[in-house]
Number of protein chains: 2
Amino acid sequence: MSTKKSRLTVADVASAANVSKATAARVLGGYGLASETARKAVLEAAERLGYQPNDLARSMSTGRSGLIGVVVGDIENAFFSLAVRGISDTARAAGLNVIISNSSEQITEEREMVSVLLRQRVAGLIVAPTDARQLDHLKSAITSGVPVVTLDRWSPDLPADAVCGDDRASAISVLQHLQGAGHLHVAYVTAMTSRSGRLSAPEDVGISAVRERIEGFLAASDQAGAPTPRQMVFTNATDDAATARIVDKVLAQSPRITALLASDSLVGARLFRALTNRGVRLPRDMSLVSWFDADWTRVTSPQISVVDQPTYLFGQRAAERLIRRLKGDTTEPQRLLIPTPLIDRGTIGPAPL
Amino acid sequence: MSTKKSRLTVADVASAANVSKATAARVLGGYGLASETARKAVLEAAERLGYQPNDLARSMSTGRSGLIGVVVGDIENAFFSLAVRGISDTARAAGLNVIISNSSEQITEEREMVSVLLRQRVAGLIVAPTDARQLDHLKSAITSGVPVVTLDRWSPDLPADAVCGDDRASAISVLQHLQGAGHLHVAYVTAMTSRSGRLSAPEDVGISAVRERIEGFLAASDQAGAPTPRQMVFTNATDDAATARIVDKVLAQSPRITALLASDSLVGARLFRALTNRGVRLPRDMSLVSWFDADWTRVTSPQISVVDQPTYLFGQRAAERLIRRLKGDTTEPQRLLIPTPLIDRGTIGPAPL
DNA sequence: TTGTATGCGTTATCAG
DNA sequence: CTGATAACGCATACAA
């Protein structure tokens, strides 16, 4: 009799409590006025029947969805999953739910995911844009009133808050540190794909964080008088086999390369394995610095020197900024740079020779 | 003039195309009939205006939300983030979106998250229940018509599909393997918290996967004639310091413990660090096997022997099962056991003495 | 303080 | 084939 519909509504509670739908809605929604007696009757009825509000309907009415959308490159990567945790924790504390999706670092997937999230009427978006030159989908989100915060990446073309590491500066300071230890010939290795296996132009690097690190790398190399620094940027380190081939090239190169920079912790692990397999000893034969303080960097011997990117904090800050926007902050978009200090563990040594 | 409301609706498109709302809805929604001319007019207008459907409203109308809710113990843990990736990929391919939340392995948080997801009217739930003895919230979800699939964990009390590793069997086979190498005194180390630091009773282990592994461990120990196997289960390995204390206890114990089982890869890494710090050499002085084939297990030397839990596959299978349920499958709930083979890399050696 | 009536943007029914 | 019109579950002006 009573259970003809799938789930109960305010109307059911209202009639059970002998009040109008509006009154029941008011006390259940926690807004407007209601007498103490009415309130008690409604709450008692709701409890007894096991009423659960329908947030979908509420969102339709209010226009607010209570959802924020997140698009990261790859949730499997600890870099992002830590950031996601930071976002989740902060969002939840503010009563917001989080929908997460992956772009697999591909612009078509990123567009698709943003579109899906927009259709779900998310209140705001946190995105790690995979290509700084293709931001139209994010621009139009902003135009249509959905605030966007970019994570780990940034573009001057996009009027959105950004939370990033200080990539250019940290690349420079790492390189200077290495130069101080006598390393003139340093290579930068990234999983970014390219035809030639070497860097064409820094402008061709879609992920702004990587581009800025490379720019810093090139600037510091130039300044130290390193020859052909652009030839020292190796791309396509997408798996163990490809990375092993890069290591072979590196080891064969003359003048001898004495230090390696890994663009992220996955590349770092691949480099470490390839070097170890070839009997190269760290840091005696080769120095190594990896971006991101991943777990694995502290179980090797020696432990790996890293550029520490506190991505949980990235996530927290990004969520905080977004929440501020959702509360109506309309000040100028801000770019928040989070320091990413070098933690020199055991893989920076004096340059051999 | 034209842009008075925040976003456009079918009505806007309809009037722009000079058709009725109903007709516009039909072609935009891809249901019902429409003449070729009407269809063209509507699509053209939608394109021109930049119409984007409102999935919230659609969900309200249809009752289907197109969302599935996921509650894992900790998204930072590669075990879960891999599984989440498997879920996401599979769900997306079926046109479903995924809302992810963390329980932090605490039942109150798990309850809260399930409740939030239910209010969002998710179509189904994938949960890694943190306590097999507290499942009422999941039961009532099922009762109210929301299918549930449990991930990595399982309870006979819950009428839900489950996708798990074969924990009991793999624990037994690992122990037998160790026994074959002469190890009689083996310890099991877990991050589960307990007052005493040792196992009281297996029934007190809330996470069913861990309980089953411990049961297997105890059974195989008993059968091999190991004395007081229950004393060989060490709890509270929640961080490096606590784990180091456990290692001290282990090393001090007599008869000498010659092999360690790590309940997950975080515990494994902590054990590895503590052992290494103390100059214990693997596998000469101590053998070590960790559950989960985490990244870090292949950069140590020697590489770590692991029980391989293919959690991406766990996620895929769980999503597939859920999708099947959403399509109306009402057959008996099934428990899918996924093999978790031992990969013996370099940390199982002959027992010393 | 409470109730009535209407709107949110869809889908879906049912005459024309 | 098309067009009114009524849901869906809640919020909210406005009236009582």
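Nearest to the side chain of B/M60, among D/dG9, C/dT1, C/dT11, sits D/dG9. With C/dT10, D/dC1, D/dT12 as the candidates, the nucleotide lying closest to the side chain of A/A25 is D/dT12.
The residue A/A34 sits close only to the backbone: its heavy atoms come under 4.0 Å of sugar-phosphate atoms, none of a base. A/A38 comes within contact range of the sugar-phosphate backbone alone, with a heavy-atom separation under 4.0 Å but no base atom that close.
Of the residues near DNA chain D, B/A57 and B/S35, the one whose nearest nucleotide (by heavy atom distance) lies more toward the 5' end is B/S35.
A/N54 places its CG atom 6 Å from the C1' atom of D/dG9, with the value rounded to the nearest Å. Going from atom CG of B/D55 over to atom C1' of C/dT10 covers 10 Å, rounded to whole Å. The distance between atom CG of A/D12 and atom P of D/dG9, rounded to the nearest whole Å, is 9 Å. Regarding B/L28, its CG atom lies at a distance of 14 Å from the P atom of D/dG3, rounded to whole Å. Following rounding to the nearest Å, A/L8 (CG) and D/dG9 (P) show an atom-to-atom distance of 10 Å. The CZ atom of A/R121 sits 14 Å away from the P atom of C/dC8 (whole-angstrom rounding).
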As a quick check of understanding, evaluate side chain to side chain donor-acceptor pair (under 3.5 Å) for A/R7 and A/Q52, giving each step before the final call. CA-CA 8 Å; A/R7 294 217 194 65; A/Q52 281 200 324; 5.4 Å; no
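Looking only at atom types and distance, the side chain of B/T130 has a donor-acceptor partner in the side chain of B/E105 under 3.5 Å away. No side-chain N or O of B/R85 forms a donor-acceptor pair with one of B/S81 less than 3.5 Å apart.
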Please produce a list of atom pairs where a protein N or O lies less than 3.5 Å from an N or O of nucleotides 3-7 of chain C.
unit_1: C/dG3; atom_1: OP2; unit_2: A/S20; atom_2: N; d: 2.9
unit_1: C/dG3; atom_1: OP2; unit_2: A/S20; atom_2: OG; d: 2.9
unit_1: C/dG3; atom_1: OP2; unit_2: A/T23; atom_2: OG1; d: 2.4
unit_1: C/dG3; atom_1: O5'; unit_2: A/S20; atom_2: OG; d: 3.4
unit_1: C/dG3; atom_1: N7; unit_2: A/R26; atom_2: NH2; d: 2.7
unit_1: C/dG3; atom_1: O6; unit_2: A/R26; atom_2: NH1; d: 3.1
unit_1: C/dG7; atom_1: N2; unit_2: A/S61; atom_2: OG; d: 2.8

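Using a cutoff of 4.0 Å between basic side-chain nitrogens and carboxylate oxygens, B/R111 and B/D136 are scored as salt-bridged. Here B/D161 pairs with B/R325 in a salt bridge; the nearest charged N to carboxylate O distance falls below 4.0 Å. Taking a cutoff of 4.0 Å between a charged side-chain nitrogen and a carboxylate oxygen, B/R153 and B/E110 do not qualify as a salt bridge.
Between the CZ atom of B/F80 and the CG atom of B/D74 there is a distance of 7.5 Å, given to the nearest 0.5 Å.
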